[in-house]
Amino acid sequence: MNKTLKKLPRSFYTRNLLIVAKELLGKIIVKNDDGKIISGRIVEVEAYDGSIDEAAHTFSGKTQRNEVMFKEGGYLYVYFTYGNHFCSNVVTGKEGRGTAVLIRAVEPLDGIDIMVKNRYKRVLLNEKEKYNLTSGPGKICSAFGIERKHYGLDLTGNEIYLLNQPKIAAYKIVITKRIGIKKSVDLPWRFYIKDNPYVSRKW
DNA sequence: ATCAAGATTACCT
DNA sequence: GGTAATCTTGATA
């Protein structure tokens, strides 16, 4: 197997939140559903840190919903929001930190037919739908079939995992404020790959 | 027990 | 550009 296609090890995730957030750009997220492979390249993320960040779900301490965010890095934090949508986060750092990276957009690679079926309940795919498939945190979970049962999944396992890819050069990374929050709005913790058409919104 | 907010999306003009 | 839909969670207005 090509070295760049190796699964990311625990040691990738247990580092500092903002380092992991930026390095997640360009990595490939894979879901293996009994051999049916769905994958995509991560193109947009946001960082959340409960110790200083009021927008983070861990800001007010541990609850039933956020407890996996306090584990060491490399677990999947899935939450349900607005009555309709699941969002996926990669837990980072050492145990007890309460930090995670929200995956906001991916570029579809394998299993696009399955993603289309999951999102639209049919097989047709026009040009507009192609760019709307996974360009948002809720859309990714819908397309990949990520839901409540994937809460707390170990990303070093075989169901959902990330493949290594070369780092994205700093000049190709756009840094902005985060989207869709009302607290700690000024933290520049949203990162996306410059000019990528699958990013959820331009700044 | 009850309630308001929410790391969104799709559809409207 | 604006907003309704929809329901779980965490705090208690």
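None of the values given here were measured: they were computed from a predicted structure. Residue numbers begin at 1 in each chain, while the letters A, B, ... track the order of the sequences.
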| field | Base B:dA7 to side chain A:Tyr79, donor-acceptor N/O within 3.5 Å cut-off | value | yes

| field | Watson-Crick/G-U partner (both atom distances under 3.5 Å) of B:dA4 | value | C:dT9

| query | Contact class for A:Asp53 (heavy atom, under 4.0 Å): base, sugar-phosphate, or nothing? | reply | nothing

| query | B:dT8, C:dA11, B:dG6: which one has an atom nearest the side-chain heavy atoms of A:Lys183? | reply | B:dG6

| said: Tell me whether the count of non-hydrogen atoms from other residues, nucleotides or ligands lying under 6.0 Å of CZ in A:Arg119 goes above 12. | reply: yes

| request: Write down the distance between CG (A:Asn84) and C1' (B:dG6), rounded to a whole number of angstrom. | output: 12 Å

| Separation of atom OH in A:Tyr77 from atom P in C:dT9, rounded to whole Å | 10 Å

| request: May I ask you to evaluate whether A:Arg119 reaches the phosphate of B:dA10, defined as a side-chain N or O under 4.0 Å from OP1 or OP2? | output: yes

| Salt-bridge criterion met for A:Lys36 and A:Asp34 (N-O under 4.0 Å) | no

| task | Tell me which nucleotide among B:dT9, C:dT9, C:dC7 gets nearest to the side chain of A:Pro137. | result | B:dT9

| request: For A:Leu17 and B:dA7, give me the distance from atom CG to atom P, rounded to whole Å. | output: 16 Å

| task | To the nearest Å, give me how far apart CD1 (A:Ile179) and C1' (B:dT9) are. | result | 13 Å

| note | A:Gln64 atom CD is separated from C:dG10 atom C1', nearest whole Å, by 11 Å

| request: Round to a whole Å and report the spacing from NZ of A:Lys177 to P of B:dA7. | output: 18 Å

| remark: Taken to the nearest whole Å, CZ/A:Phe86 to P/C:dT8 is 9 Å

| Would you say A:Leu25 and A:Ile19 are hydrophobically clustered, going by side-chain heavy atoms of ILVMFWY under 4.5 Å? | no

| note | Of the listed B:dT9, B:dA7, C:dT9, the closest approach to the A:Arg148 side chain comes from C:dT9

| task | Using a cut-off of strictly less than 4.0 Å, decide whether A:Arg201 has a side-chain nitrogen or oxygen near OP1 or OP2 of B:dA7. | result | no

| query | May A:Tyr82 be described as stacking on the base of C:dA5, applying a 5.5 Å centroid limit and a 30° limit on plane angle? | reply | no

| task | Determine which nucleotide pairs with C:dA4, using a 3.5 Å limit on both distances of a Watson-Crick or G-U wobble pair. | result | B:dT9

| What nucleic acid atoms does A:Leu102 come within less than 4.0 Å of, heavy atoms only: base, sugar-phosphate, or nothing? | base

| Given the side-chain rings of A:His57 and A:Tyr48, with only the six-membered ring counted for Trp, is the space between their centroids under 6.0 Å? | no

| Ion pair present between A:Asp154 and A:Arg10, side-chain N to carboxylate O less than 4.0 angstrom? | yes

| query | Rounded to the nearest Å, what distance is computed from the CZ atom of residue A:Phe59 to the C1' atom of nucleotide B:dA5? | reply | 16 Å

| said: When you measure from the side-chain N and O atoms of A:Thr63 to the phosphate of C:dG10, is any distance below 4.0 Å, counting only OP1 and OP2? | reply: yes

| query | Do NZ/NE/NH1/NH2 and the carboxylate oxygens of A:Lys167 and A:Glu23 come within less than 4.0 Å? | reply | yes

| said: With a 4.0 Å cutoff (strictly under), does any side-chain N or O of A:Lys139 reach OP1 or OP2 of B:dT8? | reply: no

| task | Please state whether the phosphate of C:dT6, meaning OP1 or OP2, lies under 4.0 angstrom from any side-chain nitrogen or oxygen of A:His85. | result | no

